[in-house]
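Report on the following structure.
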Amino acid sequence: MSGRFDPDAADRRWQARWEEERCFEADSASDKPKTYVLEMFPYPSGRIHMGHVRNYTMGDVIARYRRMQGHEVLHPMGWDAFGMPAENAAMERKVHPGEWTLANIRAMREQLKRVGLALDWSRELATCDPAYYGHEQALFIDLFEAGLVYRKESEVNWDPVDMTVLANEQVIDGRGWRSGAPVERRKLAQWFLKITDFADELLEGLDSLDNWPDKVRLMQQNWIGKSRGLQFRFALAEPIEDHASVEVFTTRADTIFGASFVAIAADHPLARAVAEKDAEAAAFIEECRAGGTSAAELETAEKKGYRTELEVIHPLDPDWRLPVYIANFVLMDYGTGALFGVPGHDQRDYEFAHKYDLPIRRVMAASTDVASEPIGAEAESAPGVAVNSRFLDGLATEEAAAEVIRRAEEQGWGRGTVQYRLRDWGVSRQRYWGTPIPIVHCPKCGAVPVPRDQLPVVLPEDIDFDRPGNPLDRHPTWKHVDCPTCGGRAIRETDTLDTFVDSSWYFIRFASQPEDRPFDRSEAEKWLPVGQYIGGVEHAILHLLYARFWTRALEHMGEIGITEPFAGLFTQGMVTHETYRAGDGSWLSPDEVRRDGDDWVRIEDGAPVTPGSVEKMSKSKRNTVDPEPMLDRYGADAVRWFMLSDSPPERDLKWSEAGIEGASRFVQRVWRLATAGKPADGKDEMLERQVHRTVAAVGEAIEGLQFNKAVAQLYELTSAIERAAPSATRNEAVRTLVLLIAPMTPHLAEECWALLGNARMIADAGWPAFNPALLVEGQVTLAVQVNGKLRDTLTAPRGLDRAEAEALALASDKVQRQLAGATPRKVIVVPDRLVNIVT
RNA sequence: GCGGACGUGGCGGAACCGGUAGACGCUGGAGACUUAAAAUCUUCUGCCCGUAAAGGGCGUGCGGGUUCAAAUCCCGCCGUCCGCACCA
């Protein structure tokens, strides 16, 4: 056997063999140490993209590496199969969302298999399968019965032309994506999960997640947003109807004497009460409803307020009155939906005060000496000492806040509280392609869960997408049912669950999938928590927080014995590619352009092309690279190798033709080494050391998910073997190299392994060991600096003491020339590394 | 607007905990092999001064600072990217 490595034949041969031998089916009864490696499961959009290939290759390297270390590995794959794109396809192409989704799954499964992933396909699942979502409905009922589910009104984006709810993604510049009509916010009764009950736990749990990136923990911490402060009621100077006061929350009780106004949310009950008698207020509130619900949109909107005729009394001064505004920047969802504004020390309040001509007082300063300085062009939010604040004067920010809270509690007008930015999780979606919420609304009995023996509540197949809106809601029969409790006529809930619910427990179902219940506790606990979870950083907050919540909720209900689902987390970067634009601004695919001198032109007609920036692969920018033709052309191993090379995995990876060519060359180089071996004797000590160093370094790199470093090490070893003269060591080195590349380029490794005379598959081989004694070199290179600048490097035996190193450095011609007779003032020696001579 | 990250040659990146900046790969140059091409191999490749060598200077987004020594630590800018609760 010789010549070129034939990836096509090798890919097929070994993929078939792994499948036949059920190599990667996880055995929960095994007594080996267990490892659960999981990548975020894909949405079946139609075809796999390079991002998937990168993600799954990384997980695969870990899975195969752990296997070689003797672990029993669970590495499953499934489909996050509910979601909007299937409904859009249904509308555009008149195809049933289910059919579309299942066809996509079939296509993507075949594509994924060609990557040669060590996956346990026997556990494959799709969330759109009633066999999955039926269990999800059972879990939802468990949560319901445990009091963790409730119903309340909440705002949605409403398209007044299509008469439908829009996702934030479907609101473009404040307009509906199809109708183009300005979007409004509208209230709807929806189901919520009490994630806020777990706010503290979820926050504290972050401390235990040592194998998560710090940035993700920090983002989650900020998202939960725990803050301590003062909650109190401002009494209304003249009460109206049932309102005698407004409750506010502040984290800056120390600035209470700097208050200039009180602002309430547009949908605050008091605002509504005002609007009943005040047509202008009603109009303002109406105006505030324009636009979408997304935070980015709300917070970048122009700050506007409406001054009501109400006034409140300052809690610490009965003669002090503050005006009450209805303001569009106050969120009903955070705190109490009302706040007091301190323009001197909060930038948003400052701008508001400027606009509405409200007083801007200084109640805090760097020191009491500057108490009379006016506030300048910006609010001063940094802590300092209280000034112009009566009994608080001179107290530091924190003490002043504590003092106000103390008095409030003593005098009974307020109390110290903890607030969270985190809001409860709204899970209702007014859409078809999702898990039906297993609830029946009965006019007599209220909201009644569907009895468990009637699960799953299956989506009806006969639906139409001719009109916008939820087909479940307008289905002629599906929603009309008898109440499970009283048997009277009732209405089935027609909202479906947020798809984040589907992905909040799939990792448990992978670990254990009995037919009659969501999972078997002891079976699941054999594998959980997931040892290494890998996915995009875009999931850093929502998905990961929801999955953590769900797991804790199950733990609270006594259904599982773990609190954190993912012990290790890694967030990988995106795959990017160049972009190009034609003269008319339309995007061109990189295949459609070529270089012409210093310019770019369209191949078809030579028209000039403007190269754009390197961006995330996306259909709209036409810069995607379809993995399948690459697998055809270069084989799975070259594609995998390229995905792991160059860029650190947490950063973006730029796809390039040159890069994949380079990867392909490496595959052939290893093949040549494996095929060219001849029996030889003799020891090559240098090479032996390098082999041991590489084994150590590659193992360490893989464990640290630094695949690019492992790749660089393997390149170096390959070059060293190529250069080395024939010897027994060299032959052994080739064997070791093949083992080391096995997790990354498994087909090549299997092929070489067989060629080297091994009967068993490399998939079942052990990871090579290294001798720590061989990692340390006897000689070191000493850097010699004069005044911090490198002047010479010297080879010296390891372990020289300071005096010897100094003497050696001073003996250098180059050093003497730099010193030019001057006497060193000081000499710094870092053993076995560096000598710095300071004059 | 709020929160989080990132910034090193022509390009992707490496550099342990403050100690030789540029490993490894790509691209490009020169050469070998070949009738030729591909493939492969050898070799050079941060910038500037120097014909070359020797040697020297500059250099990790920008401006300061700490230190014998800074890509790394501190302060202040600039730029890019990600998330923001109904995209998945």
Side-chain angles (χ1 to χ4, degrees), chain A residues 4 40 42-43 45 80 82-85 154 156-157 165-171 190 195 213-216 218-219 221-223 225 292-301 303 329 333 347-348 421-431 498-500 502-503 536-543 545-546 571 573-574 576 613-616 642 645-648 650-654 656-659 661-663 665-666 668-669 672 706 708-709 711-716 719 722 781-785 787-793 814 817 825-828 830 833-839:
Chain A
R4 290 179 65 76
M40 292 178 186
Y43 177 78
S45 55
D80 188 12
F82 275 135
M84 282 200 310
S154 155
V156 293
N157 300 305
V165 176
L166 298 176
N168 284 338
E169 187 189 55
Q170 298 171 316
V171 178
Q190 313 210 57
I195 189 172
D214 288 341
K215 65 170 175 181
V216 175
L218 187 58
M219 281 191 264
Q221 185 185 314
N222 290 336
W223 186 261
T293 58
S294 81
E297 199 174 335
L298 292 172
E299 287 171 34
T300 49
K303 314 277 176 281
F329 63 86
D333 289 322
Q347 189 57 24
R348 198 175 48 185
R421 208 187 70 99
L422 182 68
R423 306 198 301 255
D424 275 334
W425 176 13
V427 293
S428 298
R429 297 293 180 270
Q430 296 69 44
R431 281 200 263 284
D498 180 6
T499 55
F500 274 126
D502 309 335
S503 54
V537 70
E538 66 274 19
H539 294 292
I541 297 173
L542 294 179
H543 161 58
L545 195 62
Y546 292 148
T571 56
M574 300 177 301
T576 61
S613 53
V614 173
E615 296 194 52
K616 177 182 180 171
F642 178 56
S645 308
D646 293 354
S647 286
E650 68 278 14
R651 268 202 244 170
D652 291 351
L653 171 70
K654 188 176 128 186
S656 74
E657 199 74 16
E661 292 280 355
R665 270 201 295 278
F666 176 76
Q668 296 297 340
R669 276 171 77 189
R672 277 196 298 278
Q706 298 176 303
N708 56 322
K709 289 200 209 170
V711 164
Q713 289 289 336
L714 289 165
Y715 268 115
E716 288 194 57
S719 299
E722 284 168 345
T781 306
L782 273 185
V784 182
Q785 299 179 334
N787 292 325
K789 279 198 180 290
L790 183 73
R791 295 301 172 184
D792 202 359
T793 53
K814 293 175 184 174
R817 215 176 307 144
R825 210 156 39 85
K826 190 173 171 188
V827 177
I828 285 137
V830 182
R833 264 188 183 274
L834 158 147
V835 180
N836 187 12
I837 299 160
V838 186
T839 57

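Predicted model, so just to flag it, every value in this text is computed and none were measured. Below, chains carry the letters A, B, ... as their sequence lines are ordered, and counting in each starts from 1. For the numbers below, each heavy atom of this structure counts, side chains included, while hydrogens, waters and symmetry mates do not.
Partner assigned to B:A21 is none, using Watson-Crick or G-U wobble distances below 3.5 angstrom. With a cut-off of 3.5 Å on both Watson-Crick or G-U wobble distances, the partner of B:G46 is given as B:C58. Across the strands present, B:A53 finds no partner; the criterion is a Watson-Crick or G-U wobble pair with both atom distances under 3.5 angstrom. When both pairing distances are held under 3.5 Å, B:C73 makes a Watson-Crick or G-U pair with B:G65. Base-pair partner of B:G3: B:C82 (Watson-Crick or G-U wobble, both distances under 3.5 Å).
Among the atoms of the strands shown, only primed sugar atoms or phosphate atoms (P, OP1, OP2) are found under 4.0 Å from some heavy atom of A:Asp80. Within the nucleic acid shown, A:Gly426 comes within 4.0 Å of sugar-phosphate atoms alone, with no base atom in reach, counting heavy atoms only. Using a 4.0 Å heavy-atom distance criterion, A:Arg421 is classed as a base contact. A:Glu716 comes within 4.0 angstrom of the backbone, heavy atoms only, and of no base. No contact: A:Ser645 has no heavy atom under 4.0 Å from any strand. A:Glu297 comes within 4.0 angstrom of nothing in the nucleic acid, heavy atoms only. Among the heavy atoms of the strands, none lies under 4.0 Å from A:Val171. At a threshold of 4.0 angstrom between heavy atoms, the contacts of A:Gly83 are confined to the sugar-phosphate backbone, with no base atom among them. Using a 4.0 Å heavy-atom criterion, one finds that A:Ser503 contacts no nucleic acid atom at all. Counting non-hydrogen atoms under 4.0 angstrom, A:Ser656 reaches nothing in the nucleic acid. A:Arg817 comes within contact range of the sugar-phosphate backbone alone, with a heavy-atom separation under 4.0 Å but no base atom that close. Counting any heavy atom pair closer than 4.0 Å across all strands shown, A:Ile828 reaches a base atom. Counting any heavy atom pair closer than 4.0 Å across all strands shown, A:Pro648 reaches sugar-phosphate atoms only and no base atom. No engagement by A:Gln713 is indicated, since no non-hydrogen atom pair under 4.0 Å with the nucleic acid exists.
Taking the side-chain contact (heavy atoms from CB on, under 4.5 Å) definition, one finds that A:Ser645 meets it with A:Trp641, A:Val711, sequence neighbours left out. With sequence neighbours left out, A:Glu650 forms a side chain to side chain donor-acceptor pair (under 3.5 Å) with no residue at all. Under the rule for a side chain to side chain donor-acceptor pair (under 3.5 Å), the partners of A:Thr839 that lie at least two apart in sequence or sit in another chain are A:Asn787. Every residue meeting the side chain to side chain donor-acceptor pair (under 3.5 Å) condition with A:Asp424, not counting sequence neighbours, appears here in chain and number order: A:Tyr150, A:Thr196. A search for side chain to side chain donor-acceptor pair (under 3.5 Å) contacts involving A:Gln170 returns nothing, not counting sequence neighbours.
A donor-acceptor pair shorter than 3.5 Å can be found between the side chains of A:Asn168 and A:Thr293.
A distance of about 37 Å separates the P atoms of B:A54 and B:U67, rounded to the whole Å. Distance noted for atom P between B:G63 and B:U8: 16 Å (whole Å).
Contact footprint of chain A on RNA chain B: nucleotides with an atom under 4.0 Å from a non-hydrogen protein atom, first to last in 5' to 3' order, B:G1 to B:A88.
Looking only at side-chain heavy atoms (C-beta outward), A:Lys215 and A:Val537 come within less than 4.5 Å of each other.
Note on ring orientation: taking the six-membered ring where Trp is involved, the planes of A:Phe500 and A:His539 are perpendicular (angle over 60°, cut-offs 30° and 60°).
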